[in-house]
There are 2 protein chains.
Amino acid sequence: MQISPLEEYGLRCLIQVVRCQGDRNPVTIRRISEGEGLSMAYVGKLLFQLQKAGLVQGTRGVQGGYKIAKDPQVLTVGEIFRALNSLDEVCDKYTGDFESCVHAGTCGIKPMWDKLAQQMYGFLDKITLAEVAGPRLAAAAAEATRQDVPA
Amino acid sequence: MQISPLEEYGLRCLIQVVRCQGDRNPVTIRRISEGEGLSMAYVGKLLFQLQKAGLVQGTRGVQGGYKIAKDPQVLTVGEIFRALNSLDEVCDKYTGDFESCVHAGTCGIKPMWDKLAQQMYGFLDKITLAEVAGPRLAAAAAEATRQDVPA
DNA sequence: CCAATCCTTTACTTTTAAGTCAAGTATATA
DNA sequence: TATATACTTGACTTAAAAGTAAAGGATTGG
């Protein structure tokens with residue numbers, strides 16, 4: 001029960017994407033890689049996965065890069081987590097030496113895990129990417145609404 | 001952000017220990033191993049770790065085994081989790097290619113992780129081992145108060 | 001249409017956590 | 001006090017996740 005690398009770095013990459021919203025071009029893997037101190041290969045992999053989940057949109061070629069595909073004021077950290085995690089159930093995952101869990105049917109702890117997940121996502125689904133992207137966002141958003149007038 | 005094997009199986013072993021409270025002898029690794037479908041080696045390792053955390057007390061030799069070391073009506077799932085996890089902070093753990101995190105000092109997401117942990121443990125610290133050990137506990141507790149009169 | 005940029009995709013290596021093995025120590029009972 | 005039981009402990013192996021490498025496919029601009 002702790003934040004995984006995927007969750008931490010995936011969120012951080014998304015924040016970078018959001019903060020570059022106002023820029024003339026979409027933000028590149030290279031730029032994010034430099035900004036976060038991660039390898040380009042790794043950032044590429046993360047963003048590709050986030051694209052498959054529809055959170056981000058990549059365009060190839062010169063002046064390509066990634067841009068956000070959902071409104072950051074609506075997109076929540078909870079949704080981002082779900083995009084990054086395989087959501088396999090404990091009951092199928094922790095079966096010991098057997099095919100299926102010994103406690104299937106009479107399990108006292110599954111309801112607790114479910115409530116815990118509810119609690120967690122109840123919390124994370126209330127935090128938007130915009131909020132966590134922090135103070136720089138307001139400025140970036142303002143830039144963006146200027147219709148990208150070239151300097 | 002999901003239940004780890006340590007957490008799932010550790011809790012399940014503890015539940016077994018609690019449920020055997022009323023028995024004449026402390027419960028053995030063998031017995032738990034059979035009950036949960038886990039190897040004896042693994043159960044041994046789990047319980048040993050829980051003993052180091054003071055949640056359980058093992059006695060060696062014939063008629064030895066494990067018994068609970070804290071009142072199950074007071075011991076919470078939160079405390080059990082803390083006993084099973086290394087509690088290293090994300091800031092020290094996810095530093096990318098650098099020695100320390102690029103965002104140290106100006107990090108917008110750390111406060112969120114902290115609040116999330118608060119939420120989680122706020123929930124888990126309210127659930128006692130007795131509660132999650134379930135219906136069989138009442139019977140076991142009754143047995144235990146009979147002062148272990150030999151059959 | 002050539003070359004540079006930049007994302008896409010799959011295969012591979014490394015690291016970390018999970019889970020096993022085996023030798024050791026303590027205890028109870030005959 | 002010998003023996004079987006049962007926890008203890010550290011080293012080892014395996015499996016899963018993290019992270020890397022490299023070749024391929026689009027796109028822009030000259």
Electrostatic pair B:K70:B:E79 at N-O distance under 4.0 angstrom: yes
Side-chain ion pair, A:K110 and A:E89, N-O less than 4.0 Å: yes
Criterion salt bridge (charged side-chain N to carboxylate O under 4.0 Å, His left out) against A:E36, the qualifying member of A:R12, A:R30, A:R31: A:R12
Toward the 5' end of DNA chain D, by each residue's nearest nucleotide, A:V62 or A:Y42: A:Y42
B:R30 vs A:L6, nearer the 5' end of DNA chain D by closest nucleotide: B:R30
side-chain N/O B:Y66 vs D:dT8 OP1/OP2, d < 4.0 Å: yes
Short side-chain N/O contact from A:Q63 to OP1 or OP2 of D:dG29, under 4.0 Å: yes
Set of residues satisfying side-chain hydrogen bond (donor to acceptor under 3.5 Å, both in side chains) with respect to B:K45, sequence neighbours excluded: none
Residue whose nearest DNA chain C nucleotide is more 5′ - A:G58 or A:Q2: A:G58
Within residues 96-103 of chain B: residues closer than 4.0 Å to DNA chain D (heavy atoms): none
Residue-level proximity of residues 44-57 of chain B to DNA chain C when a heavy atom falls under 4.0 Å: B:K45
Cluster link A:L11 to B:F98, ILVMFWY, side chain under 4.5 Å: no
Ring-ring centroid check B:F123 A:W113, cutoff 6.0 Å: no
Start and end of the DNA chain C segment that chain B contacts, any atom under 4.0 Å from a heavy atom: C:dA18 to C:dT29
Partners meeting salt bridge (charged side-chain N to carboxylate O under 4.0 Å, His left out) with A:D97 (sequence neighbours left out): none
Results of salt bridge (charged side-chain N to carboxylate O under 4.0 Å, His left out) for A:R60 - residues two or more places apart only: none
Touch class at under 4.0 angstrom, heavy-atom based, for A:V43 against every strand present: nothing
Smallest separation among heavy atoms of A:G10 and A:L46, with atom names: N-CD1, 4.1 Å
For the student: nearest non-hydrogen atoms of A:D125 and A:G78, plus distance: OD1-CA, 3.2 Å
Donor-acceptor pair, side chain of A:T76 and main chain of A:I127, under 3.5 angstrom: no
Nucleotide nearest A:A41 (side chain, heavy atoms from C-beta), chosen from D:dA21, D:dG29, D:dA18: D:dA21
